[in-house]
Amino acid sequence: MKTILVTGGAGFIGSNFVNLMLNKHPDYKIINIDALTYAGNLENLKDIDGNANYEFIKVDIRDREKIDEIFKNNEITSVVNFAAESHVDRSIEEPEIFLTTNIIGTQVLLDTAKKYWKVNPNDKYCKEYKPGVKFLQVSTDEVYGALGETGLFVETMPLLPNSPYSASKASADLIVRSYNETFGLPMNITRCSNNYGPYQFPEKLIPLMINNCLKEKELPIYGDGMQIRDWLHVSDHCTAIDTVLHKGKDGEVYNIGGNNEKANTEIVKLIINTLGKSENLIKYVKDRPGHDRRYAIDNTKITTELGWEPAYTFEQGIKETIEWYLDNTQWIENIISGDYANYYDKMYSGIDEVAAIKE
Ligand SMILES: Cc1cn([C@H]2C[C@H](O)[C@@H](COP(=O)(O)OP(=O)(O)O[C@H]3O[C@H](CO)[C@@H](O)[C@H](O)[C@H]3O)O2)c(=O)[nH]c1=O
């Protein structure tokens with residue numbers, strides 16, 4: 001039996017992944033560790049309550065002792081590291097937690113995996129590992145920086161991150177790479193584009209706009225709203241990670257995109273129209289500092305080498321996502337009643353004071 005340690009499995013992408021893995025691989029054990037910060041929510045995992053192959057442990061990935069204990073008590077065969085501070089705006093306000101969680105947390109996991117996966121634990125620089133083990137680092141296309149009007153991100157591009165968040169993720173990628181080069185630790189890195197779908201915390205563009213629209217609150221669009229993102233349905237992202245976990249070649253990086261380039265304003269207007277609300281709710285606000293203009297992914301490597309392709313069209317994915325949020329209004333209320341309420345007030349209470357730069 002394989003035992004997969006999923007970190008950050010109570011978050012948006014992590015919880016979708018845990019749900020997928022338990023359904024798709026009933027012979028695997030999944031250990032989910034999560035610090036349950038503002039973005040983690042065990043409600044996302046209610047459908048697997050009582051599953052004998054599933055275990056949840058509340059732990060912060062920076063906690064070396066507890067991570068060691070988990071490896072000591074379980075024959076872990078793979079780590080899939082989702083645990084991260086992920087919101088760019090927060091990283092501009094408070095960079096430190098991004099650096100400690102995303103970089104040091106990753107290093108703690110790598111050190112521990114390196115210690116327990118070695119064939120010969122007494123050999124300090126042993127490059128032989130137990131067969132079949134793998135460290136999979138879930139990263140982001142933001143590590144490449146911003147694209148101009150044309151071109152796509154490919155895996156060989158230099159890392160040029162622009163926000164404290166993306167700099168922390170790029171740093172983590174480099175640490176993972178170094179453990180592969182120096183110690184031979186088996187690994188893959190995946191770099192995804194913008195995810196959307198069920199259970200996404202309503203600070204990110206799509207759920208924020210759906211939630212605000214439903215409450216007829218203002219819809220803050222940064223700058224001119226013509227920034228482009230490549231939207232990937234979370235379930236496609238999870239099947240891609242499952243594919244890389246099983247078929248990815250050691251030491252390789254794989255981009256994962258949705259083939260859906262959309263401008264932010266287009267997304268917001270689509271949500272408004274689907275929900276039958278007024279475009280007057282849109283408020284163009286001050287731009288995000290260091291705002292990346294365009295992200296777009298080239299999926300050629302993962303498609304040709306591993307045979308993965310996104311299954312969702314954006315039209316189908318966004319329709320299902322809006323329906324999910326309409327059917328789960330209580331989920332939103334529960335999640336925003338915590339820290340998010342304060343954060344939201346802090347970020348947007350002065351919304352009328354920021355210069356409306358368009359319309
Ligand atoms: C929250 C918010 C966002 N935006 C804009 C900023 C971006 O151009 C776009 C999407 O913003 P966000 O939802 O914050 O996502 P973005 O900054 O692209 O980053 C996301 O996508 C990345 C992958 O590309 C992930 O690594 C990040 O963890 C994730 O947060 O919408 C607005 O115009 N208004 C808003 O209120």
Side-chain angles (χ1 to χ4, degrees), residues 8 11-14 37 39 81-93 98 101-102 137-147 152-153 159 161-170 172-173 189-197 200-213 217-234 236-237 240 255-258 260-272 281-297 321 336 340 343-344 346-348 351 354 356-358:
F12 162 51
I13 307 172
T37 64
N81 184 26
F82 291 96
E85 290 291 334
S86 72
H87 196 51
V88 174
D89 295 328
R90 284 180 189 256
S91 82
I92 295 166
E93 297 290 313
F98 284 75
T101 299
N102 299 359
Q137 174 71 0
V138 180
S139 186
T140 166
D141 60 358
E142 297 197 11
V143 299
Y144 299 117
L147 289 166
L152 299 170
F153 290 136
L159 305 190
N162 290 318
S163 70
Y165 159 69
S166 52
S168 71
K169 291 297 286 181
D173 284 12
I189 296 170
T190 56
R191 297 188 179 136
C192 68
S193 57
N194 283 62
N195 282 224
Y196 70 103
Q200 188 169 29
F201 192 84
E203 66 186 347
K204 306 284 199 266
L205 183 74
I206 288 182
L208 174 80
M209 296 300 164
I210 296 174
N211 187 35
N212 282 15
C213 230
K217 285 163 90 172
E218 281 171 349
L219 309 176
I221 296 186
Y222 302 161
D224 64 2
M226 294 311 290
Q227 302 83 3
I228 306 250
R229 298 292 183 264
D230 171 2
W231 293 94
L232 170 69
H233 193 279
V234 67
D236 279 335
H237 186 193
N255 285 348
I256 306 169
N260 287 304
E261 281 188 57
K262 306 273 178 225
N264 294 338
T265 302
E266 189 188 340
I267 301 267
V268 175
K269 288 188 177 168
L270 177 67
I271 292 170
I272 293 172
L281 289 172
I282 293 178
K283 179 101 178 177
Y284 286 91
V285 299
K286 210 164 62 177
D287 209 352
R288 173 187 278 174
H291 200 168
D292 288 333
R293 195 69 185 166
R294 177 170 165 261
Y295 302 145
I297 290 247
T321 302
I336 64 178
Y340 176 67
Y343 168 74
Y344 187 89
K346 196 170 120 203
M347 292 294 286
Y348 297 119
I351 197 161
V354 281
I357 63 159
K358 200 172 166 224

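Every number for a ligand or one of its atoms is a count from 1 in the order of the listing. Numbering starts at 1 and runs along the sequence shown.
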query: Would you say Asn264 has any N or O atom under 3.5 Å from an N or O of ligand 1, going by distance alone?
result: yes
Note, Cys213 side chain near Leu219 side chain (heavy atom, < 4.5 Å): yes
- request: Going by heavy-atom distance to atom 8 (O) of ligand 1, choose the closest among His291, Glu218, His87, Arg191.
  value: His291
message: Ignoring hydrogens, what is the shortest heavy-atom contact between Arg229 and Asn264? Give both atom names and the distance.
response: CG-OD1, 4.0 Å
field: ligand 1 N/O within reach of Trp231 N/O, cut-off under 3.5 Å
entry: no
query: Looking at side-chain heavy atoms only, is the closest gap between Val234 and Gln200 below 4.5 Å?
result: no
- prompt: Which ligand 1 atoms are under 4.0 Å away from a heavy-atom of Tyr165?
  reply: 25 (C), 26 (O), 27 (C), 28 (O)
message: Pairs of nitrogen or oxygen atoms closer than 3.5 Å, one from Ile221 and one from ligand 1: do any exist?
response: no
- prompt: Looking at residues at least two apart in the chain, or sitting in another chain, which of them share a ring-ring contact (aromatic ring centres under 6.0 Å, His included) with His237?
  reply: none
message: List ligand 1 atoms under 4.0 Å from Ser86, heavy atoms only on the residue side.
response: 27 (C), 28 (O), 29 (C), 30 (O)
query: With sequence neighbours excluded, what pairs up with Tyr144 under the ring-ring contact (aromatic ring centres under 6.0 Å, His included) test?
result: Phe153
query: Counting each atom of ligand 1 from 1 as listed, which ones have a heavy atom of Ser193 under 4.0 Å away?
result: 23 (C), 24 (O)
query: Phe201 and Arg90: which non-hydrogen atoms are nearest, and at how many Å?
result: CE2-NH2, 4.4 Å
- prompt: Looking only at distance, does Pro220 have an N or O less than 3.5 Å from an N or O of ligand 1?
  reply: yes
query: Would a 4.5 Å heavy-atom cut-off, applied to side chains only, mark Arg191 and Val143 as touching?
result: yes
Within-4.5 Å side-chain heavy-atom neighbours: Arg293 and Met226: yes
task: Mark up the atoms of ligand 1 that fall under 4.0 Å of a heavy atom belonging to Asp141, in ascending order.
output: 23 (C), 24 (O)
message: Can a donor-acceptor pair be found, under 3.5 Å and without considering hydrogens, that links the side chain of Glu261 to the backbone of Ile228?
response: no
task: Pick, from Lys204, Arg229, Arg288, Lys262, the option with the minimum heavy-atom distance to atom 29 (C) of ligand 1.
output: Lys204
- prompt: Counting from 1, what ligand 1 atoms have a heavy atom of Thr140 closer than 4.0 Å?
  reply: 22 (C), 23 (C), 24 (O), 25 (C), 26 (O)
task: Pick whichever of Ile297, Leu208, Asn194 has a heavy atom sitting closest to atom 15 (O) of ligand 1.
output: Asn194
- line: Quick note on ligand 1: atoms under 4.0 Å from a heavy atom of Glu203 include exactly 1 (C)
- prompt: Of Tyr144, Phe201, Tyr222, which has the heavy atom at the shortest distance from atom 2 (C) of ligand 1?
  reply: Tyr222
query: Does Gln227 reach the side chain of His291, with side-chain heavy atoms less than 4.5 Å apart?
result: yes
- request: Tell me which part of Leu205 gets within contact of ligand 1: side chain, backbone, both or neither, using heavy atoms under 4.0 Å.
  value: both
